Amino acid sequence: RRQKDNSFDFLFFVQQWPGSYCDSRQGCCFPVTGEPGPYFGIHGLWPNRDDGTYPATCSNEAFDPSLLADVIDNLNKNWGTLACNSKRGNEDFWEHEWSKHGTCSGFTQREYFQNSVDLYNDYDITGALRDAGIVPDDRFYSIAEISKAFANLLGFAPEIECNTDPKGNRQLYQVYICVAKDGKTLVECPASIRKPCQGSVQFPVFGSNDSGDVK
Ligand code: 5GP
Ligand code: 5GP
Ligand code: 5GP
């Protein structure tokens, strides 16, 4: 049996738009910590290779939230689960991300989660869209303008993933920012290794956010 290859070249820092997760066939549920605000939320920090493959589940080191005492508030605020099958809520989501991706990152659990919340707080992608006039108002925006707004903030264009609502509309779902193996420095993503989202996509309303329009 060949030895497992745990190598990787960079990290994808992945964030999800809650409105697009919820407005899909699977639907969503909110954790006991409450409905998230109208901001992108963290999905995970994923080791990846330049050819698009990636290592997963690199050790059996158990997830231990007691190691995360000083980041837990930040995790609950910005890394909440939207899945309806998370019995223990956010901790199920964090455990899954740690076990599948974190154990391949080379970081300790504290570093893995701290690097993620630092990246989240250092780069406000929801704010970058808002500054460009791109707000979650159920309207359609071009991927070109969305990508430009992100690149203005990050210095590099992230990868963008779309999903589909039950009516068949394509919508802005996840943003993949490329980060060096230090977990801090942003880098250019390798030439499209994921199925790119193109054209025009809906940016769904989420929660009480009404795009700031006066009603
Ligand atoms: P999906 O099939 O929903 O796109 O992805 C399922 C899971 O596969 C994700 O939650 C993630 O754990 C993993 N995954 C999907 N695409 C990528 C990728 O490009 N890079 C890495 N590292 N993991 C991915
Ligand atoms: P991935 O394996 O692609 O990193 O993460 C997907 C897994 O995380 C699925 O098993 C999904 O049920 C679980 N999960 C829990 N909460 C969430 C959430 O808020 N968003 C997404 N995309 N997956 C979640
Ligand atoms: P407030 O604390 O008044 O709700 O928000 C202060 C500023 O931080 C506002 O510009 C708001 O948009 C932003 N903000 C508040 N909570 C979050 C969050 O969870 N994520 C992001 N990205 N921005 C937030």
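Note that ligands are numbered from 1 as they come in the structure, with each ligand's atoms numbered from 1 the same way. Just so we're clear, the structure is a prediction, and the values are computed from it rather than from any experiment.
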(message) Can you classify the ring geometry of Phe203 versus Trp17 as parallel (below 30°), tilted (30 to 60°) or perpendicular (above 60°)?
(response) perpendicular
(message) Main chain of Asp138, side chain of Gln202: is a donor-acceptor contact present, judged purely on distance under 3.5 Å?
(response) yes
(request) Measure up the Phe113 and Trp79 rings against each other and bin them: parallel (under 30°), tilted (30 to 60°), perpendicular (over 60°). (result) tilted
(request) Verify the contact flag for atom 24 (C) of ligand 1, where contact means a protein heavy atom under 4.0 Å away. (result) yes
(request) Can you pull out the closest protein heavy atom to atom 8 (O) of ligand 2? Residue, atom name and distance to 0.1 Å, please. (result) His96 CD2, 3.6 Å
(message) Is there a polar contact, in the sense of an N or O pair closer than 3.5 Å, between Ser86 and ligand 2?
(response) no
(message) Any nitrogen or oxygen of Phe93 lying under 3.5 Å from a nitrogen or oxygen in ligand 2? Just yes or no.
(response) no
(message) Is there a polar contact, in the sense of an N or O pair closer than 3.5 Å, between Tyr176 and ligand 1?
(response) no
(message) Over 60° means perpendicular and under 30° means parallel, so tell me whether His43 and Phe93 are parallel, tilted or perpendicular.
(response) tilted
(request) Answer with side chain, backbone, both or neither: which part of Phe30 has a heavy atom less than 4.0 angstrom from an atom of ligand 2? (result) neither
(message) Out of Tyr54, Phe12, Phe10, Phe8, who is nearest to atom 14 (N) of ligand 1 when you count heavy atoms only?
(response) Tyr54
(message) Contact between ligand 2 and Tyr173 is defined here as a heavy atom of the residue under 4.0 Å from a ligand atom; is it met?
(response) yes
(request) Flag atom 18 (C) of ligand 2 as yes if some protein heavy-atom distance to it falls below 4.0 Å, otherwise no. (result) yes
(request) Indicate the ring-plane relationship of His101 and Trp46, choosing parallel, tilted or perpendicular according to the 30° and 60° boundaries. (result) parallel
(message) Any salt bridge linking Asp51 with Arg49? Criterion: basic side-chain nitrogen under 4.0 Å from a carboxylate oxygen.
(response) no
(request) Indicate yes or no: does Arg110 engage Asp70 in a salt bridge with an N to O separation below 4.0 Å. (result) yes
(message) Check Cys197 against Cys162 for me: are their SG atoms closer than 2.5 Å?
(response) yes
(message) Under 3.5 Å between any N/O of Glu97 and any N/O of ligand 2: does that happen in this structure?
(response) yes
(message) Using a plain distance cutoff, I'd like to know if Lys100 has any nitrogen or oxygen under 3.5 Å from a nitrogen or oxygen of ligand 1.
(response) yes
(message) With a heavy-atom distance limit of 4.0 Å, tell me whether Pro47 approaches ligand 1 through its side chain, its backbone, both, or neither.
(response) backbone
(message) Could you check whether Arg88 pairs with Glu91 (Lys NZ or Arg NE/NH1/NH2 to Asp/Glu carboxylate O, under 4.0 Å)?
(response) yes
(request) Considering only non-hydrogen protein atoms, determine which one is nearest to atom 5 (O) of ligand 2 and report residue, atom name and distance to 0.1 Å. (result) His43 NE2, 3.1 Å
(message) Looking only at protein heavy atoms, which one is nearest to atom 11 (C) of ligand 2, and what is the separation?
(response) Ala83 CB, 4.7 Å
